Amino acid sequence: MVRFSESVSFDHRLALFDIEGSLAHAAMLAKVGLITEEERAAIAGGFAQIQAEIEAGAFHWDVALEDVHMNLEQALRQRVPAAAKLHTARSRNDQVATAMRLFFRSAAETVVSALEGVMRSLLAKAEATQAVAIPGYTHLQRAQPVSMAHHLLAYVEMFGRDRERFQEFRQRANVCPLGSGALAGTTLPIDRAHTARLLGFVDEAGNPRMTRNSLDAVADRDIFLEFASHATLCAVHLSRIAEDLILWASSEFRFVDLPDAFTTGSSLMPQKKNPDSLELIRGKSARVHGSLTTLVTLVKGLPLTYNRDLQEDKPPVFDAFDTLLSCLDVLSGTLDGMQARPEACAAAVADPLLLATDLADYLVNQGVPFRDAHHLVGAAVGLAEKKACPLPELSDADVKAIDARFGDDWRVCFDIPRALAAREMPGMPGPRQVAAEIARWSRDLGSIDAL
Ligand code: ARG
């Protein structure tokens with residue numbers, strides 16, 4: 001049972017957050033007179049020693065003491081008699097909720113900065129590939145031309161939304177549960193606002209933010225689920241870009257070359273360069289999703305308030321966090337070393353059928369209703385197929401026989417730079433739009449020097 005019920009093997013990583021919470025709690029107890037200033041100072045001194053030991057890797061964690069909280073309290077009791085008063089007006093339930101909120105606040109900041117790292121890597125590649133046209137795909141069939149920069153910027157948008165979600169999440173996590181006790185608060189005259197302020201659980205005006213219902217404060221795990229849910233969505237984005245880049249690096253596409261440090265060879269086939277970093281990102285995204293599923297399943301159906309089941313809430317959160325961070329870091333590195341292959345991109349985008357839609361737009365400009373234009377270009381495409389010639393090599397007579405509104409200049413459409421330059425409205429892949437988006441994101445991420 002000792003081995004079965006312990007959590008210190010994984011919650012020891014909360015140690016510094018738990019100490020931070022305890023120091024604030026002790027300071028509040030001293031402020032309201034539940035302990036003396038000398039006792040508070042003794043507690044702080046004891047924790048300073050313990051923290052130094054933990055940071056030096058010299059602290060001995062004992063599974064018989066169950067969790068990080070009991071280990072720390074026991075270590076403090078061995079050092080200072082005042083330790084026996086630390087748990088006044090506090091329960092492990094509000095204590096663990098507090099430590100986790102401190103963890104989440106810091107984890108959100110770490111994820112945000114890793115996301116910004118990926119966004120900067122994407123932005124640098126986008127800057128370098130503004131003039132590299134590639135086919136955009138639907139149904140994994142060549143559809144219409146875009147620049148590689150525009151494609152990469154699509155992921156900057158996704159990671160930008162992830163960043164926003166983690167920033168909002170940090171705000172929601174930034175509420176102090178201390179003072180909720182086991183579930184029903186305390187009869188002792190504590191000052192919750194003081195503890196909240198000391199721990200930085202404050203709003204923009206500096207006002208303390210405290211949980212408003214003691215039962216909710218110890219039973220609720222919304223921010224755990226929210227964290228895993230934002231992480232899952234981010235992992236979905238990671239998995240999709242991994243898949244795009246795996247395709248791009250294949251011999252079939254050859255749009256990019258991946259850096260050696262993030263690929264491996266085959267033990268058998270000497271020519272192989274496998275996109276392992278990206279495949280692992282795609283694979284590890286499944287673990288993050290799994291963590292969310294674990295948490296949803298764990299919390300659903302639990303009666304209020306604390307139940308020991310909730311000890312199982314930490315491993316999936318930690319795993320989602322660690323996995324997400326490593327994926328973000330490795331994606332950044334892979335992107336930084338990735339090189340576009342303009343010749344292969346040019347060959348892929350040279351397919352004139354990518355501009356069939358532009359030809360329909362040309363007819364619209366000649367006054368043809370779009371549905372008819374779509375049908376007429378379809379007929380021209382069919383004819384070119386029958387004659388086994390590229391669409392622009394049909395004769396003027398051929399297309400005029402389909403419809404007289406094909407003018408003498410109908411081939412102007414078959415020009416990639418023209419096609420992109422014709423798309424300069426907001427959100428489109430026109431080169432000025434794309435450059436403006438790169439500039440906007442660069443300012444946002446504080447890398448203005450780029451432009
Ligand atoms: N290690 C426990 C957890 O993480 C701490 C809370 C224990 N509370 C209790 N009532 N047994 O959930």
Side-chain angles (χ1 to χ4, degrees), residues 1-26 47 50 54 59-77 83-107 173 175-188 190 192 195 199 211 213-228 291-292 294-322:
M1 183 56 190
V2 168
R3 268 181 284 129
F4 185 69
S5 67
E6 69 87 21
S7 59
V8 69
S9 56
F10 53 84
D11 66 16
H12 70 87
R13 70 189 277 173
L14 294 174
L16 300 191
F17 299 117
D18 199 54
I19 291 175
E20 192 184 343
S22 288
L23 291 175
H25 183 66
F47 273 132
I50 293 168
I54 293 170
F59 190 85
H60 173 70
W61 300 106
D62 184 357
V63 292
L65 292 170
E66 204 176 294
D67 61 16
V68 61
H69 318 289
M70 303 298 268
N71 269 266
L72 291 175
E73 191 178 329
Q74 186 59 29
L76 192 69
R77 290 178 77 139
K85 292 192 175 178
L86 175 62
H87 216 53
T88 308
R90 186 175 77 169
S91 152
R92 257 192 301 166
N93 294 349
D94 57 350
Q95 185 182 356
V96 70
T98 304
M100 282 305 286
R101 281 175 184 270
L102 293 172
F103 164 83
F104 279 127
R105 229 166 51 176
S106 138
V175 182
C176 192
L178 270 182
S180 304
L183 78 163
T186 174
T187 59
L188 297 167
I190 61 169
R192 292 195 64 200
T195 323
L199 289 171
T211 51
N213 181 295
S214 60
L215 304 180
D216 179 49
V218 295
D220 169 57
R221 289 297 181 272
D222 284 5
I223 55 170
F224 291 61
L225 272 80
E226 221 180 302
F227 184 84
S291 292
L292 173 61
T294 299
L295 286 164
V296 172
T297 314
L298 175 70
V299 175
K300 134 183 208 319
L302 279 189
L304 299 189
T305 55
Y306 180 84
N307 299 272
R308 192 64 185 276
D309 315 43
L310 290 175
Q311 181 168 291
E312 291 294 316
D313 61 6
K314 284 161 222 71
V317 162
F318 294 154
D319 192 62
F321 174 54
D322 296 340

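Start at 1 and go down the list; that is how both ligands and their atoms are numbered. When reading the values below, keep in mind they use all heavy atoms of this one structure, side chains included, and skip hydrogens, waters and symmetry mates. The first residue of the sequence shown is numbered 1, and numbering continues consecutively from there. As the structure is a prediction and not an experimental result, all values here were calculated from the model.
- Using a 30° and 60° split on the angle between ring planes, F17 and F103 fall in the perpendicular class, above 60°.
- Taking every heavy atom of S7 and a limit of under 4.0 angstrom, the matching atoms of ligand 1 come to 1 (N).
- Residues R221 and V96 approach most closely at NH2-CG1, 4.5 Å, considering heavy atoms.
- Remark: minimum distance from atom 8 (N) of ligand 1 to any protein heavy atom is reached at N93 OD1, 3.0 Å.
- Between the side chains of R90 and T186, no donor-acceptor pair is found at a separation under 3.5 Å.
- Among E312, Q95, Q311, the residue whose heavy atom lies closest to atom 2 (C) of ligand 1 is Q311.
- Just one of L295, D220, V317 meets the side chain to side chain contact (heavy atoms under 4.5 Å, CB included) condition when paired with L225; it is L295.
- Nearest protein neighbour of atom 11 (N) of ligand 1, counting heavy atoms only, is R92 NH2, 3.7 Å.
- Summary of contacts: the protein heavy atom closest to atom 1 (N) of ligand 1 is D67 OD2, 2.9 Å.
- Here the protein heavy atom with the shortest distance to atom 4 (O) of ligand 1 is K314 NZ, 2.6 Å.
- Heavy-atom contacts from other residues, nucleotides or ligands closer than 6.0 Å to CZ of R308 number more than 12.
- In this structure, E66 falls outside the shell of residues with a heavy atom less than 4.0 angstrom from ligand 1.
- Ligand 1 has no nitrogen or oxygen under 3.5 angstrom from a nitrogen or oxygen of R308.
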Next item on the list: Start with the C-alpha distance between D11 and K314, add both sets of side-chain angles, then the distance that settles salt bridge (Lys or Arg N to Asp or Glu O under 4.0 Å), and finish with yes or no.
Entry: CA-CA 7 Å; D11 66 16; K314 284 161 222 71; 5.4 Å; no
Item checked: From CA spacing to verdict: salt bridge (Lys or Arg N to Asp or Glu O under 4.0 Å), R92, E66 -> CA-CA 12 Å; R92 257 192 301 166; E66 204 176 294; 2.8 Å; yes
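- Remark: minimum distance from atom 12 (O) of ligand 1 to any protein heavy atom is reached at Y306 OH, 2.4 Å.
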